[in-house]
Amino acid sequence: MKITFPDGNVREYPVNTTGYEIAQSISEGLARNAVGILLNDDKYDLMRPISEDANMKILTFDDEEGKDIYWHSSAHLMAEALQQLYPGIKFGIGPAIENGFYYDVDLPENVKLTAEDLPKIEAKMMELAKAASPYIREVVDWEEAMHHWRDEVKDEYKAELLEGFKGQEISFYKHGTFTDLCRGAHLPNTSLIKAVKLLSIAGAYWRGDSSRKMMTRIYGITFPKKKMLDEYLLMREEAEKRDHRKLGKDLDIYMITPIIGGGLPVWLPNGTTMRRIIEDFMRKEQVKRGYQEVITPHVGNINLYKTSGHYPYYADSQFPPMTIEDEEYMMKPMNCPHHHQIYLNKPRSYRDLPLRLFELGTVYRYEQSGELSGLTRVRGFTQDDAHIYCTVEQLKDEVKGVVDIIYYFFKTFGMADSIQTRLSFRDDSSDKYGGDIELWLKAQREITEAADELGLNYVIAPGEAAFYGPKIDFIIKDAIGRKWQLGTVQVDYVMPERFNLEYTGADNTEHRPVCIHRAPLGSMERFMAILIEHYAGNFPFWIAPVQVSVLPIGSVQHEYAEQLKTKLEAQGFRVMIDTRNEKINRKIAESEQKKIPFALIIGQKEMEAGTVSVREHTKGDIGAKTQDEIIALFTDLNENRTV
RNA sequence: GCUGAUGUAGCUCAGUUGGUAGAGCACAUCCUUGGUAAGGAUGAGGUCGCCGGUUCAAUCCCGGCCAUUAGCUCCA
């Protein structure tokens, strides 16, 4: 049979040669490191014979699919350890994930598992790994498999999974004392697993359904080398230091107190300074691009949200309505209906379109208590919101314009390369969507065309659409690897209908505009969280709450230092001065800890020469400069929004 | 909302057979006037998350609540 390799090379092998033997024929080292193969793009066991011509790629731990096989096999290994330690345990699903694997298990009634038990399980796993048990694939017919799980093992979870595999080929994988219902592929044997760390233990609903049983989920990760595990754990530790909840506190950016309310962040002076700088930047850019700023109240009559459909749809995640003099009002959970009223404030002509209204609009949503998290998930937040009302013909260009400004913003903050783009479409099996299906399909088509014409690299996510229209979402990961949606663009044919928005066309008849909802950063809160983590608190000069610290060495230089501070402030820079009776080393240390971009050190020499000694944060001493030179440097940094 | 963990000074954390608490940093005062990451001394600072129970006695044991947190579910 002919085997074609990724580089196009074709080699001839006898029928029923295994991937392992093929790897051996290339090099012993490759065979030793191989974890599996890709056979015609499908994952395939290394030790499973190949019977016909195929394309193949040998996978090692360095390949994404290789990690998948490796970690999936590790989940089986953990299951074997758990089964030996806790007889009677039942198993749900145990897949590989982006970093490691997990297994959902149902423990026997008398067993309670806590984090303290994890080392014991790890030790058992290592013991079992050393046994070098081969992973053996076995094909069984469906009835036999059902008999095994339902009647012999009595694992109702596996039986339920099997229920869904009727008519498909059923395979078991066995290694050591453990057998699993599994499609594969797996490692040749357990000895390739050299280092293990079980990371956490948590609850997870069976099949992701909150009405069903809560299983115990154990997360872990394994590596083929001990050193790789150490590096991974060190990386996690470093990531935790960037966590915005820690830095937000250390750098006095925001606070949250239950006395005000959970999920209701309070912006401290440093955070407020940063927010205003970013908001001003965005405001100017949007005005430049033809947006008009508006301000609407934080409260609105409930009828607005009844008309839009948001009130019934999201009733349980809104602050409840308040009744005053027979009228019901709500904290606004979104800005759209307010902006629609602005549209309706006077008759609109096609000459007015596109009408682009933007607002830094603060909205309130009663998120579930278990969801709250620092600034990333809160109950009161400010959207950098806008609604664009345009004609059907203008739609695609407007969508493209929005995507352009979104990328412009993310580029400015150095984050464009970290952004993932997702087209969030409807899932036709659900009936949660409003509006005419034809308009939906049209909107989805137009979004796709716009994305393609812009050359966006996207994934399509069915079922992720808003109830009124499809979206383009911009997703980013935080310091500890959680994904968050930042920007969004949504095409909406439904709300213009519900609010009866119209414009007079060139033909002197009334037409329905289409509405684009968009928020480039999403919310200021979440964006600030990501920004803090992105820069690890080492903000670029133009954003830093305090840009410069002036550090006189002795009291003799205080007057000169104060004059310099005044001069810099007159130029608009944010400056602090440290005239405490402390040694210069101490003042420098604290300036560095506060992550202030520049420290200007002034001693006798500088005062006499009319210069300053400049120290750049994280870089160190960059030498003496005249006052004019530093003003020129700072001005340049501010204007170019760099460093 | 669900499952688990956690809650002690402004911050980071100690505090076991239950006898009303301690460190470092920060803060205040004094001494030190110094050259690129933390000088010294003294002092002040606590409803041990809140409420209830057991006990002669609770930071510690038990129950409830609140908050934070790891996940799950949800996310206009």
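What you see is a predicted model, and the numbers here were worked out from it, not measured in a lab. The chains referred to below are lettered A, B, ... by the order of the sequence lines, with proteins before strands, and numbering in each begins at 1.
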Exercise. Can you find an N or O donor on one side and an acceptor on the other, under 3.5 Å apart, linking the side chain of A/Glu606 with the base of B/G35?
Worked result: yes
Exercise. Going by heavy atoms closer than 4.0 Å, what residues in residues 200-210 of chain A are next to RNA chain B?
Worked result: A/Ser200, A/Ala202, A/Gly203, A/Ala204, A/Tyr205, A/Gly208, A/Ser210
Exercise. Separation of A/Lys249 atom NZ from B/A67 atom P, in whole Å?
Worked result: 17 Å
For this session: Identify whether any heavy atom of A/Gly262 sits under 4.0 Å from a base atom; if not, whether one sits that close to sugar-phosphate; answer base, sugar-phosphate or nothing.
Result: sugar-phosphate
Exercise. In terms of the nearest nucleotide of RNA chain B, which residue is placed more toward the 5' end: A/Thr114 or A/Gln383?
Worked result: A/Thr114
Problem set entry | Whole-Å P distance, B/G52 and B/U68 | 23 Å
Exercise. Can you name the residues that form a side-chain hydrogen bond (donor to acceptor under 3.5 Å, both in side chains) with A/Glu608, not counting sequence neighbours?
Worked result: A/Gln604
Problem set entry | Contacts of type ring-ring contact (aromatic ring centres under 6.0 Å, His included), residue A/Tyr103, not counting sequence neighbours | A/Phe91
Exercise. Which nucleotide, B/A38, B/C74, B/G35, lies nearest any side-chain atom of A/Gln368?
Worked result: B/C74
Exercise. So which of residues 484-501 of chain A are in contact with RNA chain B, with a heavy-atom cut-off of under 4.0 Å?
Worked result: A/Gln490
Seminar exercise, completed: Applying the Watson-Crick and G-U criteria (both distances under 3.5 angstrom) with [ ] for crossing and | for other-strand pairs, one obtains for RNA chain B (((((((..((((.....[..)))).(((((.......))))).....(((((..]....))))))))))))....
For this session: For A/Lys90 and A/Asp155, run salt bridge (Lys or Arg N to Asp or Glu O under 4.0 Å): C-alpha distance rounded to whole Å, both residues' side-chain angles, the deciding distance at 0.1 Å, then the answer.
Result: CA-CA 6 Å; A/Lys90 292 174 190 173; A/Asp155 185 326; over 6 Å; no
Exercise. Using a cut-off of less than 4.0 Å, is there contact between a side-chain N or O of A/Arg245 and OP1 or OP2 of B/U69?
Worked result: yes
For this session: Using a heavy-atom cut-off of under 4.0 Å over every strand shown, decide if A/Gln318 touches base, sugar-phosphate, or nothing.
Result: base
Distances for protein N or O near nucleotides 25-27 of chain B N or O, under 3.5 Å:
from  : atom 1 : to       : atom 2 : distance (Å)
B/A26 : OP1    : A/Arg586 : NH1    : 2.9

For this session: Go through residues 214-222 of chain A and report each residue with a non-hydrogen atom lying under 4.0 Å from RNA chain B, sorted by number.
Result: A/Met214, A/Arg217, A/Tyr219
Problem set entry | Within residues 301-314 of chain A, residues whose heavy atoms come under 4.0 Å of RNA chain B | A/His310, A/Tyr314
Exercise. Any side-chain N or O of A/Arg482 under 4.0 Å from OP1/OP2 of B/A70?
Worked result: yes
For this session: Please work out if A/Asn585 contacts a base, only the sugar-phosphate, or nothing of the nucleic acid, heavy-atom cut-off 4.0 Å.
Result: sugar-phosphate
Can you list, pair by pair, the side-chain donor-acceptor contacts under 3.5 Å of residues 249-265 of chain A, counting residues two or more places apart and other chains?
from     : atom 1 : to       : atom 2 : distance (Å)
A/Asp250 : OD2    : A/Lys246 : NZ     : 3.2
A/Thr257 : OG1    : A/Ile259 : N      : 3.0

Exercise. Where the side chain of A/Lys605 is concerned, which of B/A76, B/A67, B/G35 is the nearest nucleotide?
Worked result: B/G35
For this session: Look at the aromatic rings of A/Phe467 and A/Tyr313 and report parallel, tilted or perpendicular, splitting at 30° and 60°.
Result: parallel
For this session: Taking ring-ring contact (aromatic ring centres under 6.0 Å, His included) as the test, write out the residues that go with A/Trp484, two or more places apart.
Result: none
Problem set entry | Proximity to the side chain of A/Ser369 - top-ranked nucleotide from B/A38, B/A5, B/G1 | B/G1
Problem set entry | Under the ring-ring contact (aromatic ring centres under 6.0 Å, His included) test, residues paired with A/Tyr535 that sit two or more places apart | none
Exercise. Does B/C74 have OP1 or OP2 sitting under 4.0 Å from an N or O in the side chain of A/Arg377?
Worked result: no
Exercise. Under 4.0 angstrom, heavy atoms only, what part of the nucleic acid is A/Leu372 near: base, sugar-phosphate, or nothing?
Worked result: sugar-phosphate
Problem set entry | Sugar-phosphate, base or nothing in reach of A/Tyr468, heavy atoms under 4.0 Å | sugar-phosphate
For this session: Name the nucleic acid region contacted by A/Thr257, choosing base, sugar-phosphate or nothing; use a 4.0 angstrom heavy-atom cut-off, strictly under.
Result: nothing
For this session: Describe the nucleic acid contact of A/Pro333 in one word from base, sugar-phosphate, nothing, applying a heavy-atom distance below 4.0 Å.
Result: base
Problem set entry | Separation of the C1' atoms in B/C27 and B/C11, to the nearest angstrom | 12 Å
Problem set entry | By salt bridge (Lys or Arg N to Asp or Glu O under 4.0 Å) - contacts of A/Arg379 (at least two apart) | none
